[in-house]
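Written below as structure tokens is the structure these notes are about.
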Amino acid sequence: MPELPEVETVARALQRSIAGRRVLSVTLRMSDFIDDAGALERELPGRTIALVERYGKFMLLRLRRGGDADAANEALLVHLGMTGNLSPFSTEQPLHKHTHVILALDDGRELRYTDPRRFGRMAYLAGSALERELQRFGAEPLQVPERELAQRLQSSHARVKALLLDQRVLRGVGNIYADESLWSARIHPARIGSSLKDAEIRELHQALRKILRHAIRMRGSSISDFVDPEGIPGDYQRRHRAYGREGKECHRCATPIRRMIVAGRSTFYCPSCQRAPRPKGKAKRKAGRRTSKR
DNA sequence: CTCGATCCCTGGACGC
DNA sequence: TGCGTCCAGGGATCGA
């Protein structure tokens, strides 16, 4: 489930362990998740990994050319999908069954990319192509001002959960942290963006910051088998208040947490703390089934 | 514009 | 023990 906190955890660990290393060679064992495998094979050898940073749910390995001063800004983009893992190994360690990419490093180690489900993605991009790619995504949840968040959410008629998951609106929030933030802010996931009051936006803005920061401190949530490049699992799953807690008592009001599908995803919420929006459209109660066509 | 459905993919859970 | 089935879910894509 790598979402923002998990990717941040991985990026920080890689920054510590591989920044400054030069790529000697590239081995592709499977490449159907790479945008342009040829470019990656051609361009990576000789490049130095100058910096590892997180961009939404992507990791950005900023590259530098060996000798001359950096000309075009270039980077290796890595999306971990659901089960991706990018970690350095010593060459003696046996290859994991689903290791697809191996980058030999100049200190004798190998940076290996493993991803059983191959929901991840990898791409070498430079110059304007890199800029264009990065511009596709919305605001960083930990940077976005409250006013901008309000503008982004209130200008839409989509449901707030769908908006939180939409990487063009906010980059980095996934299913877990969307549910946790909405629970914390007491907002029902099916609420329409434009119906959110300023006070609710404020709650949501603060909830996102609080939860994402806390989760980063705890090195993310390990619910499937997420571990960071040092093999350490996260701890934040123990702090989940909504996600995965169907039938369990709400920590605020003891009402059983419910599960529904919103934006095509399992969505957990407290039916008491997070009030449902209007009659939802199935006003079959007593109004007779006449929907005004306006 | 927004939504649901479908596909990608494998491992784990579950039922018998 | 083993096999079939279902489900998880980020994101792209397509039709409604």
Side-chain angles (χ1 to χ4, degrees), chain A residues 1-8 10 29-37 54-60 77-86 95-101 113-123 125 132-138 141 151-182 189-196 212 220-227 233-234 237 240 242-247 259-269 277-278 280-282 291 293-294:
Chain A
M1 324 270 91
E3 300 180 27
L4 189 154
E6 292 78 30
V7 180
E8 180 72 29
V10 174
R29 303 174 82 237
M30 185 154 293
S31 58
D32 58 358
F33 56 93
I34 302 175
D35 282 11
D36 182 348
R54 180 190 59 76
Y55 186 88
K57 292 180 195 170
F58 281 87
M59 271 184 299
L60 228 48
L77 269 69
V78 181
H79 194 300
L80 298 175
M82 293 289 297
T83 53
N85 180 287
L86 186 67
L95 242 43
H96 183 283
K97 181 180 172 186
H98 296 289
T99 297
H100 308 310
V101 178
Y113 179 72
T114 303
D115 185 3
R117 292 186 197 174
R118 304 214 297 284
F119 272 20
R121 193 189 141 203
M122 200 175 279
L125 291 171
R132 230 176 305 121
E133 177 65 19
L134 298 183
Q135 280 172 2
R136 293 175 47 215
F137 300 96
Q151 200 280 324
R152 285 174 177 271
L153 300 181
Q154 291 172 334
S155 63
S156 170
H157 283 153
R159 292 171 291 186
V160 64
K161 163 108 182 210
L163 292 170
L164 292 179
L165 292 180
D166 189 337
Q167 302 299 295
R168 297 167 301 183
V169 176
L170 284 183
R171 56 181 198 252
V173 177
N175 208 32
I176 295 174
Y177 298 101
D179 282 4
E180 293 301 310
S181 299
L182 291 170
R191 286 281 302 282
I192 301 301
S194 61
S195 81
L196 295 174
L212 293 174
S221 303
S222 287
I223 62 167
S224 52
D225 46 7
F226 169 77
V227 290
Q237 66 279 5
H240 291 177
Y243 184 84
R245 299 193 68 250
E246 182 179 17
R259 185 174 86 101
M260 66 186 293
I261 301 295
V262 178
R265 297 280 172 258
S266 275
T267 298
F268 301 88
Y269 68 103
R278 303 313 148 218
K280 264 191 10 181
K282 39 197 241 176
T291 320
K293 292 294 284 287
R294 80 188 341 274

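A note on names: the letters A, B, ... follow the listed sequences, proteins ahead of strands, and every chain is numbered from 1. None of the values given here were measured: they were computed from a predicted structure. What's counted below: heavy atoms across the whole structure, side chains too, no hydrogens, waters or symmetry copies.
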Within the 4.0 Å heavy-atom criterion, would you say A/Arg171 contacts the bases, only the backbone, or no part of the nucleic acid?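 It contacts nothing in the nucleic acid.
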Rounded to whole Å, how long is the line connecting atom [atom1] of [X] with atom [atom2] of [N]?
X        : N      : atom1 : atom2 : value
A/Asn85  : B/dC9  : CG    : P     : 21 Å
A/Asp32  : C/dG11 : CG    : P     : 17 Å
A/Met260 : B/dG4  : CE    : P     : 10 Å
A/Phe33  : B/dC7  : CZ    : P     : 23 Å
A/Met30  : B/dC9  : CE    : C1'   : 11 Å
A/Arg259 : C/dA8  : CZ    : C1'   : 10 Å
A/Ile261 : C/dC6  : CD1   : C1'   : 13 Å
A/Leu80  : B/dC8  : CG    : P     : 23 Å

Angle by which the axis turns from one end of the helix from B/dT2-C/dA16 to B/dC16-C/dG2 to the other, five pairs per end, to 10 degrees: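 Comparing the axis at each end, I get an angle of 50°.
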Within less than 4.0 Å of OP1 or OP2 of [N], is there a side-chain N or O belonging to [X]?
X        : N      : value
A/His79  : C/dG11 : yes
A/Thr83  : B/dC9  : no
A/Lys57  : C/dG11 : yes
A/Arg118 : B/dT10 : yes
A/Gln167 : C/dG10 : no
A/Arg168 : B/dT2  : no

Please answer whether C/dG11 and A/Phe119 are stacked, defined here as ring centres separated by less than 5.5 Å and planes angled under 30°.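 It does not: the two rings, one from A/Phe119 and one from C/dG11, miss the stacking criterion.
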Once you round to the nearest 0.5 Å, how far does [atom1] of [X] lie from [atom2] of [Y]?
X        : Y        : atom1 : atom2 : value
A/Lys57  : A/Glu8   : NZ    : CD    : 14.5 Å
A/Thr83  : A/Arg118 : OG1   : CZ    : 10.0 Å
A/Glu133 : A/Phe58  : CD    : CZ    : 6.0 Å
A/Met59  : A/Leu77  : CE    : CG    : 10.0 Å

Closest approach of [X] and [Y], non-hydrogen atoms and distance?
X        : Y        : value
A/Leu80  : A/Pro2   : CB-CG, 3.7 Å
A/Pro277 : A/Arg191 : CB-CD, 3.8 Å
A/Glu180 : A/Tyr243 : OE2-N, 2.8 Å
A/Arg29  : A/Thr99  : NH1-O, 2.8 Å
A/Pro5   : A/Leu212 : CG-CD2, 3.8 Å

Which class fits the ring pair A/His98 and A/His96: parallel under 30°, tilted 30 to 60°, perpendicular over 60°?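 The arrangement is tilted - the two ring planes meet at 30° to 60°.
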Report the residue from A/Val78, A/Leu134, A/Leu125 that forms a side-chain contact (heavy atoms from CB on, under 4.5 Å) with A/Leu60.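 Single side-chain contact (heavy atoms from CB on, under 4.5 Å) partner of A/Leu60 among A/Val78, A/Leu134, A/Leu125: A/Leu134.
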Answer yes or no: is there a donor N or O on one side and an acceptor on the other, between the side chain of A/Glu3 and the main chain of A/Asn175, under 3.5 Å?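 Yes, A/Glu3 side chain to A/Asn175 backbone: donor-acceptor pair under 3.5 Å.
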Quick one, which residues of residues 155-163 of chain A touch DNA chain B with a heavy atom under 4.0 Å?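 Listed by number, they are A/Ser156, A/His157, A/Ala158, A/Arg159.
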Of all the choices, B/dG11, C/dG10, C/dG9, which nucleotide is nearest to the side chain of A/Tyr243 once you look at every atom?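 Nearest nucleotide to the side chain: C/dG9.
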Are there any protein N/O atoms within less than 3.5 Å of an N/O atom in nucleotides 12-16 of chain C, and if so, which ones and at what distance?
from: C/dA12; atom 1: OP1; to: A/Arg136; atom 2: NH2; distance (Å): 3.0

